[in-house]
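Presented below is the structure to which this report refers.
Because only heavy atoms are used, hydrogens play no part in the values below, and waters and symmetry mates are left out as well, while side chains stay in. By convention in this document, chain letters (A, B, ...) are assigned in the order of the sequence lines, proteins followed by strands, and residues within each chain are numbered from 1.
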Number of protein chains: 2
Amino acid sequence: MSTTLLMRNRSLIIYGFSLALLMVLLKWLEWKFIITDHAVELYAGLIAAVFLGVGVWLTKKLSKPKQQTVYVDREIVVRPTDDFVFNDAEFSRLGLSRREVEVLQLIASGASNQQIADELYVSVNTVKTHTSRLFEKLNVKRRTQAVDMGKKLSIIP
Amino acid sequence: MSTTLLMRNRSLIIYGFSLALLMVLLKWLEWKFIITDHAVELYAGLIAAVFLGVGVWLTKKLSKPKQQTVYVDREIVVRPTDDFVFNDAEFSRLGLSRREVEVLQLIASGASNQQIADELYVSVNTVKTHTSRLFEKLNVKRRTQAVDMGKKLSIIP
DNA sequence: AATTCATTCATACTAAAGGGTGATTTTATT
DNA sequence: AATAAAATCACCCTTTAGTATGAATGAATT
């Protein structure tokens with residue numbers, strides 16, 4: 001707000017000063033060419049040229065810039081905090097059971113079969129049968145492979 | 001391109017026409033006021049005022065609009081196709097060797113120790129020592145845990 | 001030259017993982 | 001109620017993984 005006011009004041013000052021200067025110029029030209037009487041044409045032309053220039057200069061100086069808003073799309077890479085979406089299609093296609101996926105998650109977290117058994121309140125043998133079925137369905141031989149495949153198929157995050 | 005040329009032509013035409021009109025005006029004023037000899041001041045003032053106005057008008061008409069570009073950012077969620085950046089800091093902090101990271105990558109891909117050995121042209125025993133050192137440094141007990149940790153620390157993708 | 005570090009390999013042992021088979025019990029679903 | 005799928009468990013056996021220890025080699029560093 002204060003900046004705008006200052007700018008307007010500055011414009012007014014420039015404008016006033018320019019007008020005063022023009023008056024002086026006009027009087028000087030008048031005094032200079034009044035002696036030689038037949039120089040009226042030249043006088044008029046000079047005045048015309050000068051004031052044309054002044055007009056151009058003043059306008060350029062004082063005219064407000066025409067605002068033209070240009071919208072520029074800037075791509076901002078936003079890393080989604082959780083970009084995992086469970087792949088239901090693969091889950092169905094492979095005919096996996098909930099328990100099997102549960103076991104796979106625990107395997108991926110680095111748990112041993114015993115730890116998985118403790119976590120799920122089942123025996124180690126049960127965990128082993130789950131893993132065996134899981135490996136069959138995922139067509140893998142090792143748990144590390146199962147984890148890799150599970151992640152690739154978006155069955156686990 | 002053609003639009004720009006047309007605009008320039010239009011500007012030139014307007015400018016030329018304006019100049020011609022000014023000449024006519026100048027001559028007319030000269031003829032009108034040459035009779036009354038003492039009207040030189042009025043003559044000069046009129047010319048000054050007219051040409052000042054013409055200058056302003058011309059400038060406003062012909063000057064290119066001053067562009068004020070306003071940048072508006074629009075967030076676009078971009079999912080990076082490969083958001084993995086190797087964590088050098090963790091790599092150094094843990095004191096890992098290149099070979100150990102190499103082995104970890106192969107483990108993560110689901111390879112067995114024998115497969116890793118074949119891949120790297122070393123014996124299984126060598127792979128085992130690498131994994132043992134790796135597990136020590138990562139403070140884990142199993143390869144699945146190592147993979148999980150490696151991914152969390154951005155040592156492997 | 002001495003030292004450190006990464007890499008390599010070996011042997012022996014233990015622990016964990018994985019395969020195969022069979023069986024029982026829930027839990028949905030028709 | 002009958003059936004199918006899921007989940008549970010056991011036993012045996014094989015394979016793989018992991019631990020511990022020791023040692024040789026080559027490259028880089030002091």
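- Taken over five-pair windows at either terminus, the axes of the helix from dA1(C)-dT30(D) to dT30(C)-dA1(D) are inclined to one another by 60° (rounded to 10 degrees).
- Residues passing the side chain to side chain contact (heavy atoms under 4.5 Å, CB included) test with Ala117(B) are Gln114(B), Val124(B), Val127(B), sequence neighbours excluded.
- Residues passing the side chain to side chain donor-acceptor pair (under 3.5 Å) test with Arg133(B), sequence neighbours excluded: none.
- The list of salt bridge (Lys or Arg N to Asp or Glu O under 4.0 Å) pairs with a residue in residues 100-127 of chain B, not counting sequence neighbours, reads Arg99(B)-Glu102(B), Glu100(B)-Lys137(B).
- Here salt bridge (Lys or Arg N to Asp or Glu O under 4.0 Å) pairs that include residues 138-157 of chain B, with residues two or more places apart or in two chains, are Asp148(B)-Lys152(B).
- With sequence neighbours left out, Ser132(A) forms a side chain to side chain contact (heavy atoms under 4.5 Å, CB included) with no residue at all.
- Read 5' to 3', the first and last nucleotides of DNA chain D with an atom closer than 4.0 Å to a heavy atom of chain B are dA17(D) to dT19(D).
- The hydrophobic cluster containing Phe135(A) also contains Ile156(A), counting ILVMFWY residues as joined when their side-chain heavy atoms lie under 4.5 angstrom apart, directly or transitively.
- For Gln105(B), the side chain to side chain donor-acceptor pair (under 3.5 Å) test picks out no residue, with sequence neighbours left out.
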| Could you write nucleotides 4-19 of chain C as a row of B, S and -, 5' to 3', where a protein heavy atom under 4.0 Å of any base atom gives B, of only sugar-phosphate atoms gives S, and otherwise -? | --SBBBBB-----BBS
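- Pairs passing the ring pair (Phe, Tyr, Trp, His ring centres under 6.0 Å) check and including a residue from residues 86-121 of chain A, sequence neighbours excluded, read Phe86(A)-Phe91(A).
- Counting heavy atoms from C-beta outward, Ile116(B) and Thr131(B) have side chains that stay 4.5 Å or more apart.
- With sequence neighbours left out, the side chain to side chain donor-acceptor pair (under 3.5 Å) criterion links Thr126(B) to Ser123(B).
- Note that CG of Leu134(A) is 11.0 Å distant from OG1 of Thr129(A), once rounded to the nearest 0.5 Å.
- A heavy atom lying under 4.0 Å from DNA chain D marks none of the residues of residues 86-94 of chain B.
- Side-chain heavy atoms closer than 4.5 Å link hydrophobic residues (I, L, V, M, F, W, Y) into clusters, and following such links, even through other members, never connects Leu106(A) to Val140(B).
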